[in-house]
Structures are given as structure tokens and as C-alpha cells.
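Right, one structure below, let's go through it.
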Amino acid sequence: MMSPAPAADQNGSHLSILRFSTAGSVDDGKSTLIGRLLHDSGNVYEDHLAALEATAKKAGSTRVSLALLTDGLKAEREQGITIDVAYRYFATPRRRFILADSPGHVQYTRNMATGASTVDLTIILVDARTGVIEQTKRHAFITALLGVPRIVLAVNKMDLVGYSQDRFEEIVADFTEFSAKLGVREIKFIPVSALEGDNVVERSGKMPWYGGETVLEHLESVYIAGDQNLVDFRFPVQYVLNPNQNFRGYAGTVASGLVRVGEEVVVLPSLAKSKVKSIAVPGKGVKGAQIPEATSRDAVVIQLEHQIDISRGDMIVRPKNVPRVTTQFDAMLVWMGDVPMDTATRYIIRHTARESKAYISGIDYKIDIHTLGRMDPAPLASNEIGRVSISTTTPLFVDPYQKNRSTGNFILIDPVSFLTVGAGMIIDRGRSEGAELEDGEAAPNLHHEVALVTQRERELRSGRKAVTVWLTGLSGSGKSTIAKAVERSIFDDGVPVYFVDGDNLRTGLNKGLGFSREDRSENLRRAAEVAALMNEAGVTVICAFISPYAADRERSREIIGKERFLEVYLSTPVSVCEERDPHGLYRKARAGEIKNFTGVNDPYEVPESPALRIDTAAKSVENSVEEVVALVVNRASL
Amino acid sequence: MHLPSHLEQLEAESIYIMREVAAQFERPVLMYSVGKDSSCLLRLAQKAFYPGKIPFTALHVDTSYKFAEMYDFRDRMAKEVGLNLIVHRNEPALKDNANPYELGTQRCCALLKTGALLEALKKHEFDAAIGGARREEERSRAKERVFSFRDKHGQWDPRSQRPELWNLYNGKLAKGESMRVFPLSNWTEQDIWNYILQEEIPIVPLYYAKKRKVVVRGNMLIPVIDSDPRTYQGHKVEEVLCRYRSLGCYHCTGAVRSDADTLEKIVDEMTSVKTSERATRIIDFDTDGSMELKKREGYF
């Protein structure tokens with residue numbers, strides 16, 4: 001859409017920008033409203049208008065159809081071209097506007113979410129005759145989900161209900177009741193007739209009972225500067241500028257909060273501390289300008305006092321206000337891929353300037369987009385929304401989306417097609433949603449205690465790196481025997497070590513897990529998490545699990561970290577194992593008493609490149625233990 | 001805390017996009033078309049990486065039919081900024097004397113612009129090409145992504161574009177695929193001029209009003225190029241005070257009557273302008289939806 005500038009715009013370079021989106025179907029008069037907004041604010045080119053007048057004349061009408069101004073996309077829709085969001089630009093003497101218009105019903109959730117992700121305000125249209133309907137609620141829900149701070153409910157077609165104040169107030173009451181639980185900060189109700197032009201740009205003489213602003217007046221004056229989170233300083237390092245030996249600067253856009261020269265900062269994930277030496281913004285000219293403080297959305301280059309190894313994806317924050325450093329979080333997820341979500345796929349996750357691999361490790365519930373109720377968990381298909389748990393292979397530095405739109409969002413990318421398949425909003429874990437919605441206070445100092453001792457410090461103190469030996473192999477291959485002997489040997493060397501197997505996990509932590517494929521997989525995931533924690537605490541771990549599936553072992557490797565994870569494959573032939581049959585399990589499996597028994601009626605996926613391969617049929621326990629201990633000693637050295 | 005002016009917001013966004021390109025791609029290229037949008041793009045790239053150099057190669061896809069002032073300006077800027085500038089022409093087509101008079105503007109463009117561009121991108125294995133297109137410019141661009149995906153043949157498929165949420169740009173590519181990136185997506189023509197004024201960005205003198213030889217055809221002023229008789233043969237040549245709102249090949253670019261001979265006057269003129277910028281590009285009048293067609297084929 002072309003936009004000629006209004007004549008009064010003499011001060012063009014000092015206007016603020018309001019980004020807004022519109023929701024509502026063609027029947028609600030959305031195109032007419034946008035057309036009216038552009039036309040009455042002087043943002044339609046003369047030649048475009050002349051064309052519309054000619055069209056009207058041809059149709060034997062004296063009335064110009066303003067809807068046609070935005071219906072350029074209609075033709076494309078008919079051609080089968082998907083348009084998720086079309087952006088329009090216009091201006092008044094008071095403000096610049098960027099309108100994200102999401103047409104189409106087919107991909108509605110996806111399109112609306114995309115449009116809403118960047119806006120300050122959403123106009124939701126309601127037909128005064130039908131009032132608040134299911135679709136209105138859906139629009140409001142998605143708007144709230146994407147964290148848009150304010151809604152304008154434009155009650156349209158007031159001319160068709162006789163400009164009735166009672167009808168308007170009925171709709172206001174309906175929507176107010178419904179929206180109370182959404183947590184949208186500001187809701188404004190405006191009675192309009194887009195067709196007649198009432199209360200869109202010009203005030204209406206037909207509704208003397210309404211003394212409020214018109215739609216444009218509201219868009220021009222609504223206060224948005226307060227939307228930015230100025231408390232929690234988050235600076236994702238986007239690009240390192242290192243043009244010569246004398247200059248090392250970190251380029252990026254301040255995601256939230258503010259920072260001043262001289263302030264103490266800490267870098268995630270290294271936890272290195274330093275002070276801000278300088279902040280440069282792109283002032284006039286190529287060279288930019290030095291400034292004393294930078295705030296949210298500033299594209300800056302920050303220099304620190306100390307030489308620290310920092311790369312893209314790291315985050316600079318204040319030592320007493322750090323985000324959650326985590327590989328596990330819950331999120332509301334909008335699925336956008338044509339292929340439904342798959343919990344076995346390792347997606348690529350983009351969060352701030354950081355990238356990692358991610359699994360969808362759990363699905364809590366799905367939203368019924370019609371009733372907005374919760375449905376039983378099932379993988380999300382295209383345009384579905386649900387609450388999920390995500391686990392990543394490297395830590396992300398996250399804040400709840402409700403507190404921080406910039407550090408609370410992420411996208412999922414399909415690892416094969418590279419399409420963007422999911423958009424997520426991080427939820428504060430362990431807290432009820434109601435509490436989040438009402439909670440407006442600054443982000444608490446969640447993981448300060450974690451930040452005080454670094455992994456490196458722990459390792460330096462103990463003089464070694466803690467590792468995890470992961471023994472995998474058939475039942476009867478000798479895992480427990482070797483594990484226990486290795487534990488003894490390492491312990492005798494004075495090194496903290498602990499043996500983890502199904503027995504000590506299933507009696508406590510994993511009580512309640514059965515032996516279905518899912519439960520066995522979850523058992524292994526928890527074992528890996530326990531091993532990772534113990535490793536972090538400086539304890540070497542010996543794990544003994546049949547762990548027959550390569551995918552499960554791969555996940556363990558990712559949870560524990562590939563430097564620490566030592567896969568030891570006991571390749572003892574099944575015939576030998578069956579002969580040993582220490583617990584009589586093979587016999588039961590052969591008799592059909594145990595289903596899905598690895599080696600008998602369930603496959604064992606042989607590791608492709610284990611750190612060590614031992615056939616206990618050919619090697620003594622003593623020699624086997626020696627080999628494993630040597631591997632641990634070798635890999636534990638700093 | 002001050003709310004940044006809208007130009008500062010747009011500038012910060014564009015710089016963010018420039019840095020994303022530098023971080024996400026291996027062989028990015030900055031499309032330099034010599035026009036006002038390119039001039040802004042160049043300035044933004046300088047700012048994004050200062051005190052470092054622009055980490056992109058620059059590419060000018062030349063049709064050989066640009067105005068002489070454009071070639072002079074291009075070479076001067078490349079030197080001043082220290083650009084690593086590649087100029088690429090579709091030489092075989094030029095040898096065959098490709099021109100819009102015989103081929104029509106569409107075919108000529110397909111050969112000298114689209115064809116040459118795809119050839120250059122392929123030859124140098126660029127995986128991302130940064131262009132100065134703006135969504136406001138033309139109807140079919142309103143839905144364009146900031147990171148616009150192109151398949152192995154350099155083609156744009158409106159059905160396979162990736163959703164863009166927040167400021168998370170997905171630049172993942174398989175071998176042979178590429179991305180077009182538009183850091184000026186949210187700028188309007190007026191923003192460009194205000195920025196040029198505020199930043200004192202050098203632009204080709206053709207943008208300033210001057211008496212120029214033209215052929216008057218309706219509202220359109222067709223430039224007369226002395227060295228190319230096709231531009232004036234059989235027509236009445238007049239001297240008209242005019243300037244160019246947008247620049248392309250001289251066959252296909254119209255001038256507008258104007259006395260705006262300073263940046264201030266141009267900005268003033270822009271605040272009262274009632275027709276669209278691309279109305280001065282003869283090229284867009286070929287067929288309805290011609291931009292859409294060209295984009296699908298790989299044009300910027």
C-alpha cells in the first residue's frame with residue numbers, strides 16, 4: 001500500500017511508531033475499517049481513489065467501496081497464494097503506523113500469531129448485530145497469548161443497530177467478562193460504523209452518548225513507551241566486532257532493561273565478570289556516538305573492561321539480575337508446520353541470538369481453539385496451540401514471556417526442511433498461569449545462587465573433570481558386575497564416584513514408572529539428568545542400563561554433554577548372556593511371560609562408535625574393569 | 001528515557017538485520033544498485049559494523065543502460081567506502097544487443113537484470129543477497145519477508161515462505177538454496193529521504209532537479225541520452241526542469257517535473273506528493289502484476 005504523506009507532516013523524523021494488527025473476518029467489515037482509516041486520515045493516493053470511483057460508477061453506485069483499497073490481496077488469495085501477513089504503512093502528523101494485516105481463514109491461528117508477535121495493539125472487530133461470538137474470543141485469546149498489551153474492541157456496524165447505546169454496552173459487558181481471565185493490560189471499546197465513517201477518524205454525530213476517542217485518535221495517542229521492560233537488562237551478543245587488536249566490541253540490540261557505562265556485568269554462560277567500558281550507538285554519520293546508557297531496542301556496540309572470550313549467543317546481564325539458565329522449560333507453542341509435531345525429532349531452536357537442538361519432551365495439554373478449553377495432550381498439528389515442555393541440548397537464558405517478550409520467545413526449525421515449524425512463549429515453570437497473568441513485578445533473582453560458583457571453579461578445586469560411564473548391553477552382559485567393580489576401584493583412588501542403575505532409581509526418583517517403551521525411555525532420561533547433576537557437583541557416575549535404543553543413548557549423551565559421556569558397549573553375545581541368565585529373565589521371556597525383552601523379542605541397537613567395546617565372554621572382569629578405569633582417568637584430566 | 005524517533009527505530013532494526021546476515025551466512029552479498037535506497041543500505045552496513053569494515057562483498061548487476069551519472073557515482077562511492085565491488089553483466093545477451101526496444105521491457109529485464117543477477121549469485125556462490133526493497137513500494141511486496149527464501153533455482157515461491165515472528169530470522173539453508181534479505185522492509189520512501197537528509201548521505205545528482213533534455217509523453221518525461229538515438233529519434237526533445245524519483249535503466253525510467261534542487265526541497269516535495277514512486281518506472285506498466293511475475297523468476 002502506498003502512502004502519501006499528510007501535508008502537515010513537517011516534522012517527519014521525530015514521530016513515534018505504533019505497530020498494530022487487525023483481527024476480524026471480512027464479514028465484520030475489517031477491510032472497510034482499514035480502508036476508512038486510510039482514506040479519512042488522508043493516506044490514499046488520488047489516483048487510487050479515482051480508480052475506486054470509476055469502479056463504483058461502473059457498478060452503478062455513487063458510493064466508493066473503501067474495502068477495495070485493501071482487497072488487492074483478494075485476487076492473490078483466489079490464485080491460491082498464501083499470504084500470512086501483509087504490512088501497510090501510513091502516517092498522520094502525530095504518529096507513524098505499521099499495520100500487520102493477516103487475511104485468510106485457512107491458516108488463521110498461524111497468521112494471526114505472526115502478525116501479533118510484533119505489535120503494540122490489536123484491533124478486534126465485532127459486528128454489533130452478532131456481538132461477541134466464538135471467533136471474537138479466539139482472536140482475543142491469540143492476542144493475549146502473543147502478549148499484545150492492549151486490545152481495541154471496535155464494535156462495528158453500529159448503523160445497523162440504530163446506533164443503540166444499550167446494544168453497545170451489552171457487548172462491552174460480554175467482552176469484559178470474557179476477557180478478565182486473559183490478562184490483557186488495556187481494553188478499549190469504541191462504537192463505530194466503518195461504512196459510514198462514524199468514530200473511525202471523525203467523531204460521530206449519531207452517537208452523542210459516546211464521548212470517547214475515535215479509533216484513529218486512540219491509535220495516535222495511546223501511550224506505549226511504558227511497554228518496554230526497563231528493569232531486566234538483557235543483552236544477547238549478536239555479532240563480535242574485532243577489526244583489529246585494539247578493538248573488541250559486542251554488537252547487538254538491547255533486548256530489555258538498560259545499562260550504563262561503568263556498570264558491573266556478568267556474561268552467560270561463562271559467568272565471567274567485567275564492567276561496561278563504553279557504549280556506542282549509530283549516531284549521525286558512519287562512526288556513531290558514544291552514549292552513557294543504552295536501553296531496550298537500541299542497536300549498540302558494547303565494550304567491556306576485560307578481555308573475555310565472548311561469542312554470538314552469549315548474553316550480557318547484571319550480576320544481581322540474571323535470567324534462568326536452563327535446558328528445560330515449559331512453553332505455550334503455536335504449531336506452524338504442515339507436518340505435525342514429533343517428540344522424537346531433534347528440532348533446531350532459535351532463542352535470542354542463540355541456537356541449540358531441542359526436543360519436545362512433553363505435551364501438557366492442547367487448546368481447543370473453538371471453546372478455548374483444554375484438551376487431552378496429543379502432538380500438535382498445523383495451527384494448533386498447546387502447552388509443552390522443551391528440553392534443549394545446551395542451556396538457554398530465558399525469562400517468562402509475560403515478563404519479557406524479547407527473551408521469552410523462541411522458534412523451532414525443522415532439522416531437515418529448515419522450515420519454521422513452531423513459535424513458543426516461555427512460561428514461568430511451576431507457577432500457575434493465573435499468578436503469571438496478574439504478576440507485574442520485576443523478574444526475581446531466580447538463579448543467583450547458581451551464578452556464584454562456576455563449573456570451572458569446581459573442576460579446578462577437585463583437579464579433575466567428573467565424567468559419566470554409560471554401560472550399555474544386553475541383560476547378563478556383565479554391566480552391573482563391571483560397574484560395581486569400577487566404582488570400587490575409582491573410590492579407592494580417592495575420587496568421588498557413584499553407581500546409578502535401574503534399581504536405585506526405580507525405588508525412589510522413578511517410582512511410578514513402568515516398563516512400557518515410554519516409561520523405559522523416561523527412566524533413562526531421568527538417569528541421565530541425575531548423572532549430569534552429579535557430574536556438575538564433581539561426582540563421577542557409573543551408569544548401567546540395557547538402554548537398547550540408539551535415540552535414548554543419544555539423548556543421554558546430549559543431556560550429560562559429549563565431553564563427559566563415555567559410552568561403554570558390552571558386546572557379549574546373546575547366547576552367552578542367555579546362558580548366564582542371572583535373574584532367570586531370558587527363561588521367562590522365552591516362555592512368553594515377559595514381552596518386549598531385549599535380545600529375545602525386542603531389538604538391541606548396537607552403538608556405532610562407543611568409547612569402548614568389551615566382550616565379557618572373551619575378557620576377564622579384572623581386565624575389563626582396568627580398561628574402563630583407564631578410560632575414566634584419561635578423560636577426567638583437566 | 002526517551003522514546004526513539006521513528007527513524008532511529010527503523011535504523012536500529014535495519015542494523016540488527018545486517019548483523020544477523022553477517023552472523024548467519026557464509027557468503028553474503030550487498031546488492032548495490034546505485035539508487036537512493038542502496039545509498040541508505042550502504043550507510044546502514046557501514047554503521048552496523050563500525051569500526052570494522054562491511055563484511056559483505058558488494059554486487060552491482062549492470063545492464064549497461066544505466067545513466068552515466070550512475071556509473072560515475074558508483075565508482076566514486078566504491079572507492080570512498082572501500083567496497084569490494086563486483087560488477088556483473090549478462091555479456092552474451094549484451095553481445096546479442098539485448099535492448100527493450102526490440103525485446104520489450106519484460107524480456108529485456110529478464111535477461112539483463114534477473115538473468116544476470118541469478119548468474120552472478122551462482123557464479124560467486126552467494127548464500128544471502130541483501131537488497132534495498134521496501135514493502136511499501138509495491139503491492140506485491142507488502143507480504144514479503146525480511147528473510148525471503150529462494151530455492152535452488154533462485155526462485156521465490158510464495159507458498160514456501162517461512163513465518164517470521166518477533167525478530168527471529170531463520171536463515172537456515174540447504175546446499176544451493178539462498179536468501180534475499182531486505183533490511184529496509186519497514187521504511188517508506190519518505191523515511192529514506194528524511195534519513196538521507198539527516199545523515200547527509202551522498203546520492204546520485206540525478207535525484208536533484210535540473211534542466212534536462214526529455215521527450216514529453218503525457219505525464220511522463222522520457223530521458224534523452226545523447227549517445228543513444230533510440231531515446232529521442234522521431235520525437236520532439238524539450239528542456240524541462242525535472243528530477244528522478246527512482247533510478248533504473250534510462251530506457252525505462254521517467255523523470256518528474258520538479259524544482260527540488262536541494263535535499264530539503266526534495267523532502268518538502270515528498271510530503272505533498274500524491275502519486276506513487278513506481279509510477280515513474282515505465283517497467284511496471286507492462287502487465288498487471290508484473291512485479292509478482294518477476295519476483296517469482298528471481299528478480300529483486
Side-chain angles (χ1 to χ4, degrees), chain A residues 1-5 7 9-10 12-17 45-47 72-73 81-89 96 98 110 113-114 117-118 225 230 238-239 241 243 247 251-253 258 282 284-288 295 297-299 312 336 348 350 353 405 409-411 413 418-420 423, chain B residues 1 3-7 9-13 15-16 19-20 22-23 43-44 46-53 135-136 139-140 142-143 158-168 170 172-174 185-186 188 190-191 194-195 197-200 267 270-277 279 292:
Chain A
M1 184 76 222
M2 310 291 178
S3 48
D9 183 6
Q10 294 301 322
S13 59
H14 298 287
L15 302 170
S16 67
I17 299 178
Y45 281 121
E46 280 167 358
D47 48 335
L73 297 167
I81 297 173
T82 316
I83 306 133
D84 56 359
V85 188
Y87 293 89
R88 296 167 206 290
Y89 302 82
R96 275 282 316 276
I98 300 179
R110 161 186 154 150
T114 304
S117 70
T118 53
L230 294 179
Q238 192 187 3
Y239 192 78
L241 287 170
F247 189 93
T253 299
L258 62 117
K284 187 176 168 177
V286 174
K287 289 181 184 170
T295 57
R297 295 194 200 170
D298 288 344
R312 172 174 166 89
M336 301 185 156
I348 299 161
R350 279 285 318 266
R405 258 175 124 182
N409 70 55
F410 63 89
I411 55 170
I413 298 168
F418 291 148
L419 291 171
T420 302
Chain B
M1 115 122 218
L3 188 74
S5 81
H6 85 275
L7 275 184
Q9 280 185 44
L10 291 172
E11 180 187 61
E13 261 178 42
I15 286 175
Y16 172 84
R19 289 170 176 166
E20 275 306 287
R43 171 60 57 92
L44 288 163
Q46 286 179 287
K47 287 183 159 206
F49 303 103
Y50 183 83
K53 283 193 170 248
R135 285 177 180 143
E136 168 246 24
R139 211 174 65 189
S140 79
K143 57 179 183 279
R159 270 160 298 221
S160 74
Q161 296 296 314
R162 301 166 180 180
E164 259 171 11
L165 293 100
W166 302 289
N167 61 351
L168 295 180
N170 172 2
K172 295 270 169 210
L173 297 172
S185 283
N186 284 333
T188 64
Q190 208 193 351
D191 296 329
N194 276 315
Y195 192 65
L197 176 66
Q198 181 184 303
E199 284 280 319
E200 296 170 13
V267 169
M270 290 312 303
T271 61
S272 55
V273 74
K274 295 288 183 199
T275 52
S276 61
E277 169 185 9
E292 181 91 33

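Hydrogens, waters and symmetry mates play no part in the numbers below; they use all other heavy atoms, side chains included. Every value quoted in this text rests on a predicted model; they were computed, and no experiment measured them. So that the names make sense, note that chain A is the first sequence line, chain B the second, and so on, each numbered from 1.
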For this session: Would you name the heavy atoms of A/Lys284 and B/Glu200 that are closest together and state the gap between them?
Result: NZ-OE2, 2.9 Å
For this session: Specify the closest pair of heavy atoms between A/Gln238 and B/Tyr16, including all atoms of both residues, with the distance to one decimal.
Result: NE2-O, 2.7 Å
Exercise. What part of B/Arg43 gets closer than 4.5 Å to chain A, counting heavy atoms only: side chain, backbone, both or neither?
Worked result: side chain
Exercise. How far apart are the closest heavy atoms of A/Ser16 and B/His6, and which atoms are they?
Worked result: C-CB, 4.3 Å
Exercise. Distance from A/Thr420 atom OG1 to B/Leu168 atom CG, nearest 0.5 Å?
Worked result: 9.0 Å
For this session: Return the option, out of A/Leu241, A/Asn409, A/Thr114, with the maximum number of heavy-atom pairs under 4.5 Å with chain B.
Result: A/Asn409
Exercise. A/Leu419 versus chain B, heavy atoms under 4.5 Å apart: side chain, backbone, both or neither?
Worked result: both
Exercise. Can you say whether B/Leu173 sits under 4.5 Å from chain A via the side chain, the backbone, both, or neither, judging by heavy atoms?
Worked result: backbone
Exercise. About how many Å separate CG of B/Asn186 and OG1 of A/Thr118, when rounded to the nearest 0.5 Å?
Worked result: 8.0 Å
Exercise. Quick one: CZ on A/Arg405 to CH2 on B/Trp166, what's the gap to the nearest 0.5 Å?
Worked result: 9.0 Å
Exercise. What residue in A/Gly288, A/Ala113, A/Ala353, A/Ala299 has the most heavy-atom pairs under 4.5 Å with chain B?
Worked result: A/Ala299
Problem set entry | Test: B/Arg19 cationic atom under 6.0 Å from A/Tyr239 six-membered ring centre, within 45° of axis | no
Exercise. Out of curiosity, B/Lys172 NZ to A/Ile413 CD1, how far, rounded to the nearest 0.5 Å?
Worked result: 6.0 Å
Problem set entry | Segment of A/Ile411 engaging chain B (4.5 angstrom heavy-atom cut-off) | both
For this session: With rounding to the nearest 0.5 Å, note down the distance linking OG1 in B/Thr188 to CD1 in A/Ile98.
Result: 9.0 Å
Exercise. Is it the backbone or the side chain of B/Glu11 that comes under 4.5 Å from a heavy atom of chain A, or both, or neither?
Worked result: side chain
Exercise. Is any side-chain heavy atom of B/Asn170 closer than 4.5 Å to a side-chain heavy atom of A/Ile348?
Worked result: no
Exercise. Where does B/Glu13 contact chain A at under 4.5 Å (heavy atoms): side chain, backbone, both or neither?
Worked result: side chain
For this session: Measure the spacing between CZ of A/Arg350 and CG of B/Leu165 and express it to the nearest 0.5 Å.
Result: 12.5 Å
Problem set entry | Greatest number of heavy atom pairs closer than 4.5 Å to chain A - which of B/Ser185, B/Pro163, B/Gly52, B/Ala174 | B/Pro163
